[in-house]
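To start, the structure itself, in structure tokens.
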Amino acid sequence: MRKPFYQFLFTFAIILALFNSSQSIIKADTGNEVFVIKLEGTVEKGLSQYIKKAISEAKSNNVSQIVLEIDTLGGEVEAALEIADSLRASDIPITAFINKRAISAGAYIALNADDIYMAPGSKIGSAAIITGDGNAADDKSQSLWLAEMKEAAEHNGRDPKFALAMVDKEIDLPEYGAAKGDLLTLETKQAKDVGYSEGTVENIHELLEQKKLSTDAITYADEGLAVKIARFLTNPVVVPILLSIGSLGLVAELYSPGFGLPGLTGLTSLLLFFYGHYVAGLAGMEAIVFFVLGIAFIVAELFVPGGILGVLGFVSIVASLYIASGNVMNMTISLLIAFVIAIVASILLVKVFGKRMKLFNKFILRDSTNTKSGYVSNKSRNDLIGKEGTALTILRPSGTALIIDERVDVVSEGTYIEKGQKIKVVKVEGSRIVVREI
């Protein structure tokens, strides 16, 4: 079973190399006037950190204009709030270019830009806040989101009623296709008419021409492979999958001899979890240190009984996951899913497949002296039943008798038998030989 272990070390070495090579993720040529950052796919923490680093890189390269090209159906509210904070904190003017869709969190992000341009056929709106299971959020969250949308619209002098209509179904705007009970989604012309778009352009070059900026000095932010992987690994849907695979692999490894494929799979999943959150800027080395300490405590518990080290190890590992995640609710849900899968897997392995934990074989004595294994507590003397002999001692009621030339410890049925009297074996109960006087 050494080969899988070496494969794990190889995988670990590759991930360590990625850790060390993933810090510089955005390249810009000094002196370029326009810096284009693409905001695509799900809005999540990885994207938030990427945009924050991109804006910082643009500032260090003296860029005069940032264009945020948006095409998203939304995502995490917390990540959207972080992106909005980065946009507002920027000293460089930021233009949102909606190329197809700025839905939900995407609409909120676009409203926080200094100005908005849209490609033909694009849409902005439908920004109701929902929970991970698709239901409407609680009143507290709804109230906060309404306030954020209103402030985002007013920040750049836009009429807030349209931003509120994107969130609140009770606002009645039938002339824009959002009668009471429907969320507002503005098409290109509608957005321009209500002041939610400065103009309609085919592409970024046309946008720059309208803003009277040079089209010859454009730099596109490059996520790079590491950031793309990190964004995928920090996706709210992927995180519980990684933790579930990790817990499932480690549980299966406990029931397997040596270190094999299940353990390799489980540890690799956990390493990928930390790698994604580290590259995305969500986790520092402290999360990894907590995780390693947790593993060390659990291993030490095998040699130092008492339970304290095991509890400390478990708490340390869970703490490392929360530190890396940065989102208590999402991590709690992910861990619950992983724990349920681990428990179900353990039950199936024990009850259905009859597996036992191989890890503890060296610490737990499993041998037993049972009849099935060939162990007997005494030799059966059923062969003496019906045989006659002589009492060598007085039986009161126990004593010694001579039966077929063999001295045997016997017991009478309760009567007193003199020495030398003839006796007969009437019953054998284990090691107890019962006799009767003839």
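In this text the structure is predicted, and so the values were computed from the model without any measurement. Below, each value reflects all heavy atoms present in this structure, side chains not excepted, and no hydrogens, waters or symmetry copies.
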What's the spacing between [X] [atom1] and [Y] [atom2] if we round to 0.5 Å?
X      : Y      : atom1 : atom2 : result
Phe35  : Ile218 : CZ    : CD1   : 12.5 Å
Thr332 : Leu321 : OG1   : CG    : 10.5 Å
Tyr50  : Leu39  : OH    : CG    : 9.0 Å
Leu248 : Ile241 : CG    : CD1   : 13.0 Å
Ile245 : Leu270 : CD1   : CG    : 10.0 Å
Asn156 : Glu151 : CG    : CD    : 11.0 Å

Student check: side-chain heavy atoms of [X] and [Y] closer than 4.5 Å:
X      : Y      : result
Thr42  : Val237 : no
Leu144 : Val77  : no
Ile171 : Leu184 : no
Leu146 : Asp168 : yes

Any sub-3.5 Å donor-acceptor pair from [X]'s side-chain atoms to [Y]'s backbone N or O?
X      : Y      : answer
Ser334 : Val239 : no
Glu202 : Pro120 : no
Ser269 : Thr265 : yes
Glu44  : Gly46  : yes
Asn61  : Val63  : no

Under the rule for side chain to side chain donor-acceptor pair (under 3.5 Å), what residues qualify as partners of Tyr108, not counting sequence neighbours?
Glu148
Hits for side chain to side chain donor-acceptor pair (under 3.5 Å) against Ser398, two or more places apart or cross-chain, chain-then-number order -> none
Between [X] and [Y], which heavy-atom pair has the shortest distance, and what is it?
X      : Y      : result
Ala287 : Ser320 : O-CB, 3.1 Å
Pro160 : Ala153 : CA-CB, 3.9 Å
Ala58  : Ile66  : CB-CD1, 3.9 Å
Thr72  : Gly74  : OG1-N, 3.0 Å

Can you run down the side-chain hydrogen bond (donor to acceptor under 3.5 Å, both in side chains) pairs that involve residues 177-189, sequence neighbours left out, and say none if there aren't any?
Lys189-Asp193
If you look only at pairs with a residue in residues 115-124, which of them pass as a side-chain hydrogen bond (donor to acceptor under 3.5 Å, both in side chains), with sequence neighbours excluded?
Thr95-Asp115, Asp115-Lys211
For Tyr176, the ring pair (Phe, Tyr, Trp, His ring centres under 6.0 Å) test, sequence neighbours excluded, returns Phe162
Salt bridge Glu82-Lys45, side-chain N to carboxylate O under 4.0 Å:
yes
Are Glu33 and Lys212 ion-paired here, with the side-chain N under 4.0 Å from a carboxylate O?
no
Which pairs pass ring-ring contact (aromatic ring centres under 6.0 Å, His included) with one or both residues in residues 51-82, sequence neighbours excluded?
none
Could you give me the CA-CA distance, side-chain angles and deciding distance for Trp145 and Leu81, then say whether side chain to side chain contact (heavy atoms under 4.5 Å, CB included) is met?
CA-CA 10 Å; Trp145 190 236; Leu81 294 173; 4.2 Å; yes
Apply the test side chain to side chain contact (heavy atoms under 4.5 Å, CB included) to residues Glu209 and Val201: give CA-CA distance (whole Å), side-chain angles for both, the deciding distance (0.1 Å), then the verdict.
CA-CA 10 Å; Glu209 288 175 356; Val201 294; over 6 Å; no
As a quick check of understanding, evaluate side chain to side chain contact (heavy atoms under 4.5 Å, CB included) for Leu111 and His155, giving each step before the final call.
CA-CA 8 Å; Leu111 290 175; His155 178 67; over 6 Å; no
Could you check Ile55 against Ile94 for side chain to side chain contact (heavy atoms under 4.5 Å, CB included), going step by step and ending with a plain yes or no?
CA-CA 10 Å; Ile55 293 174; Ile94 298 178; 4.2 Å; yes
